[in-house]
Amino acid sequence: MTSTTTLLHPYTKTTDVLVIGSGIAGLSIALKLAQNHRVLVLAKSAVHEGSTSYAQGGIAAVLDPFDSIDAHIRDTEVAGAGLCDEKAVAVVATHAAEEILQLVQFGVNFTTEGANAQNFPYHLTKEGGHSHRRVIHVADHTGLSVAQALINQVQQHPNIELLPEHMSIDLILNRKRNRCMGAYVLNKTENQVYALTASFTVLATGGASKAYLYTSNPDTSTGDGIAMAWRAGCRVANLEFNQFHPTCLYHPKDRSFLITEAVRGEGGILRLPNGTPFMRDYDPRADLAPRDIVARAIDQEMKKHGIDCVYLDISHKPAKFIKQHFPTIYERCKKVGIDMTKECIPVVPAAHYTCGGVITNLEGKTDLEGLYAIGETACTGLHGANRLASNSLAEGLVFAKLAHQSIEKSFSALAEHTFEAKPWDTSGITDPKEKIMVSHDWDEVRRVMWDYVGIVRTNRRLKRALKRIRTLQNEINEYYHQHTLSSDLLELRNLTMVAELMVLCAQKRKESRGLHYNLDYPQTAKQARSTILKPSKKPPISRKVKTHPR
Ligand code: FAD
Ligand code: SIN
């Protein structure tokens, strides 16, 4: 079935499928859906801006005949500390390879130099927690190359309309039918809110690592999809498991920049300032232990020695090899005066990946009819308590495929194709006199999360964090309902909400597991259980002074 994109009201648009997000998950599903339907794809800033474009290491898949699906499943489950959903793991491990071949057809030039698997033309690198070389990559800029290829395809497709600088605010709901009918969207260029209605809506909005002061993520990772789904009444899970990447470039005056785990995969060693390697004291897998273990070890060494960073050393490898495999990192380090072919790189852990998110089934379906969630915003059960390196891009690709199949099936069963939405209500809204409150609250929430909900937690720190975050939330909600919208304000509202959900999940977990380490509960429970949060019956969207849609 195909209905054309039509204008019903000056600020209303309708389409078949609304995809919110233009990362690997959003663009992949858009291309599949566009074979039969009209698709609108939103990006809240530039189309390429999102974590996908920054991905370095690569995509995990079983591509070497000497590797096996079983081994990929086992590695994912070991890294996930017993909490992975075995069906989600099996489905990703089984289908990742065919989606990668599709990327090759779209023109992604995966690295061939040093190809190391039998009868396979591409180089496979290794990362922490993998028992086999299974990470296909484009040097150290895999994400950028994949994003460019997908964007090229999408831009040429007659059934896809790409809307950059369009930020979704909240989902449009039919409460009686428990159905999502699209989203209210801020057109940032016009500063105008549109009601975009659709038969199906896909949240592909990425993660929430910007909740932390130091992060490897771009500015887009503010948890918007998680917050929108929660406000709409969807359950969320496992948000206590925010992954800290062990090695981000440490430079007091520079923004965090990731140093890919593939550097350790190709022989890089973590050292103390005096040159002593330390990872073997923590785990027999040493520098290639899963991320939760390496990040915690670095944190402990930094605290023990009172140092600002540790050092990553790959200078023993030939300079030619380093420049060929890590050209982006080499250039970036050079910019801040470090020659990684000759000296160590100063590194610290930083918030990197949101393992939890909106609960979905194996088709990407959420608790709301018509609403799907895929990519980092979703909690499919794949990552458990700690994501295995390079499984995220694979998850984005595979769940785009599964959600596409499910939407395709559901289209034929859908009785109604046109949905009406009430226009956005701006009565009683004024321009803010000053913006200091928004910028102050941004800093505060991120610092609170870094200081109290970081790599090592305690009950006291979590309690303190929740108190501060709730105070901030009340202030922000009041401000939100009285003032003209801006993307800054919308992101702050979402980020603070997701920060609260992260703390609530952390408080519910009375053990330490994977990425969640609480000094008050250092033991791991015998049985692994997900932390599930359910919104109250009366959704928080209508809790406050005034709701926007009349
Ligand atoms: P994203 O790529 O983050 O895209 C989110 C999209 O949603 C953006 O287009 C954004 O504009 C849009 N959006 C968000 N909110 C709204 C809103 N309210 N309205 C409209 N649009 C919105 N994973 C791997 O598997 N391998 C790697 O090598 C790897 N390296 C990484 C390196 C870095 C530095 C980082 C940050 C992450 C890395 N990851 C890696 C993780 C991986 O890149 C991400 O998990 C993955 O790209 C997420 O894809 P996504 O499509 O879910 O979201
Ligand atoms: C990296 O290249 O180290 C990041 C890989 C990932 O996050 O999966």
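One-based numbering, in listed order, for ligands and for the atoms of each. All of these numbers come straight from a predicted model, not from anything done at the bench.
- A donor-acceptor pair is defined here as one N or O able to donate and one able to accept, closer than 3.5 Å; such a pair exists between the side chain of Asp16 and the backbone of Arg38.
- In terms of protein heavy-atom proximity, atom 34 (C) of ligand 1 is closest to Tyr54 O, 3.5 Å.
- A distance of 10.5 Å separates CH2 in Trp230 from CZ in Arg235, rounded to the nearest 0.5 Å.
- Between Lys13 and Glu161 a salt bridge is recorded (basic side-chain N to carboxylate O distance below 4.0 Å).
- Within ligand 1, the atoms closer than 4.0 Å to a non-hydrogen atom of Gly375 are 52 (O), numbered from 1 in the order shown.
- Residue contact check: Asp224 has heavy atoms under 4.0 Å from atoms 15 (N), 16 (C), 17 (C), 18 (N) of ligand 1.
- Annotation: Gly57 places an N or O atom under 3.5 Å from an N or O atom of ligand 2; distance criterion only.
- Remark: among candidates Gly143, Gly50, Ser22, the nearest residue to atom 6 (C) of ligand 1 is Ser22, based on non-hydrogen atoms.
- At least one N or O atom of Leu393 sits closer than 3.5 Å to an N or O atom of ligand 1.
- You'll find the ring centres of Trp424 and Tyr11 outside the 6.0 Å limit.
- The existence of a salt bridge linking Arg291 and Glu261 is confirmed by a sub-4.0 Å separation between a basic side-chain nitrogen and an acidic carboxylate oxygen.
- The distance from ligand 2 to the heavy atoms of Glu127 drops below 4.0 Å at these ligand atoms: 1 (C), 2 (O), 3 (O), 5 (C).
- Residue Ile24 places a heavy atom less than 4.0 Å from ligand 1.
- When each of Asp219, Thr222, Thr215, Asn217 is checked for a side-chain hydrogen bond (donor to acceptor under 3.5 Å, both in side chains) with Lys210, only Asp219 meets the rule.
- Taking 4.0 Å as the cut-off between side-chain N and carboxylate O, Asp67 and Arg133 do not count as a salt-bridged pair.
- Annotation for ligand 1: atoms under 4.0 Å from non-hydrogen atoms of Tyr353 are 45 (O).
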Could you check Phe257 against His251 for ring-ring contact (aromatic ring centres under 6.0 Å, His included), going step by step and ending with a plain yes or no? CA-CA 9 Å; Phe257 174 77; His251 192 277; over 10 Å; no
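- How far CG of Leu362 is from OG of Ser406: 11.0 Å, rounded to the nearest 0.5 Å.
- Considering backbone and side-chain N/O of Glu376, one or more are found under 3.5 Å from N/O of ligand 1.
- At the top of the distance list for atom 53 (O) of ligand 1, counting protein heavy atoms only, stands Gly206 CA, 3.3 Å.
- Between Arg493 and Asp170 there is a salt bridge, with a side-chain nitrogen of the basic residue lying less than 4.0 Å from a carboxylate oxygen of the acidic one.
- Within the set Arg387, His141, Lys44, the minimum heavy-atom distance to atom 11 (O) of ligand 1 is found for Lys44.
- The aromatic rings of Phe326 and Phe321 sit perpendicular to each other, their planes meeting at more than 60°, with 30° as the lower class boundary.
- Note on ligand 1: Ser390 sits in its first shell, one or more heavy atoms being nearer than 4.0 Å.
- For the pair Asn217 and ligand 1, a heavy-atom separation below 4.0 Å is found.
- Distance CD/Glu491 to CG/Leu489: 10.0 Å, rounded to 0.5 Å.
- By heavy-atom distance, the residue among Ser392, Ala55, Gly57, Gly58 lying nearest atom 26 (N) of ligand 1 is Gly58.
- Near Ala389, meaning under 4.0 Å from any of its heavy atoms, are these atoms of ligand 2: 8 (O).
- At the shortest separation from atom 14 (C) of ligand 1 among protein heavy atoms lies Thr205 O, 3.3 Å.
- For ligand 1, the atoms closer than 4.0 angstrom to any heavy atom of Asn391 are 25 (O).
- Ring planes of His166 and Tyr194: tilted class, angle from 30 to 60°.
- Residue contacts with ligand 2 include Leu258, since one or more of its heavy atoms lies under 4.0 Å from the ligand.
- Residue, atom and distance of the protein heavy atom nearest to atom 47 (O) of ligand 1 are Thr52 OG1, 2.9 Å.
- Close contacts of ligand 1 with Ala204, meaning ligand atoms under 4.0 Å from a residue heavy atom, involve 5 (C), 6 (C), 7 (O).
- Nearest protein heavy-atom neighbour of atom 8 (O) of ligand 2: Ser390 N, 2.6 Å.
- When non-hydrogen atoms are compared, ligand 1 lies under 4.0 Å from neither the backbone nor the side chain of Leu490.
- With respect to atom 2 (O) of ligand 2, the closest heavy atom belonging to the protein is Thr260 OG1, 2.6 Å.
- Between Ser168 and ligand 1, at least one pair of N/O atoms sits closer than 3.5 Å.
- Looking at Tyr372 and His404, their side chains never come closer than 4.5 Å, going by heavy atoms from C-beta outward.
- The parts of Met167 lying near ligand 1 are both backbone and side chain, judged by heavy-atom distances below 4.0 Å.
- In the candidate list Arg387, Arg291, Gln243, Glu261, Arg291 is nearest to atom 4 (C) of ligand 2, counting heavy atoms.
- Within the model, atoms OG of Ser168 and CG of Leu490 stand 9.0 Å from one another, a figure rounded to the nearest 0.5 Å.
- Applying the 4.0 Å criterion to heavy atoms of Ile20 picks out, from ligand 1, the atoms 19 (N), 20 (C), 21 (N).
- Ligand-side atoms of ligand 1 in range of Ala25: 51 (O), range being under 4.0 angstrom from any heavy atom.
- Of the protein's non-hydrogen atoms, the one nearest atom 10 (C) of ligand 1 is Glu49 O, 4.0 Å.
- Stacking of Arg271 on the aromatic ring of Tyr311 is not recorded, the 6.0 Å distance cut-off and the 45° axial limit not both being met.
- Judged purely by atom type and a 3.5 angstrom limit, Ser28 has no side-chain atom pairing as donor or acceptor with the backbone of Ala400.
- For the atom pair Ile259 CD1 and Ile329 CD1, the distance stands at 5.0 Å (nearest 0.5 Å).
- Within the structure, ligand 1 has His352 among the residues with a heavy atom less than 4.0 angstrom away.
- Annotation: atom 43 (O) of ligand 1 to nearest protein heavy atom, Ser51 O, 3.5 Å.
- We find that Lys401 and Glu99 are joined by a salt bridge, their nearest charged nitrogen and carboxylate oxygen being less than 4.0 Å apart.
- Centroid-to-centroid, the aromatic rings of His132 and His72 stay 6.0 Å apart or farther.
- Per-residue contacts place His166 under 4.0 angstrom from the following atoms of ligand 1 (heavy atoms of the residue considered): 19 (N), 20 (C).
- Contacts between Leu393 and ligand 2, counted as non-hydrogen atom pairs separated by less than 4.0 Å, are absent for every part of the residue.
- Protein heavy atom closest to atom 12 (C) of ligand 1, with residue, atom name and distance, is Gly21 CA, 3.6 Å.
- At least one N or O atom of His245, backbone or side chain, sits closer than 3.5 Å to an N or O atom of ligand 2.
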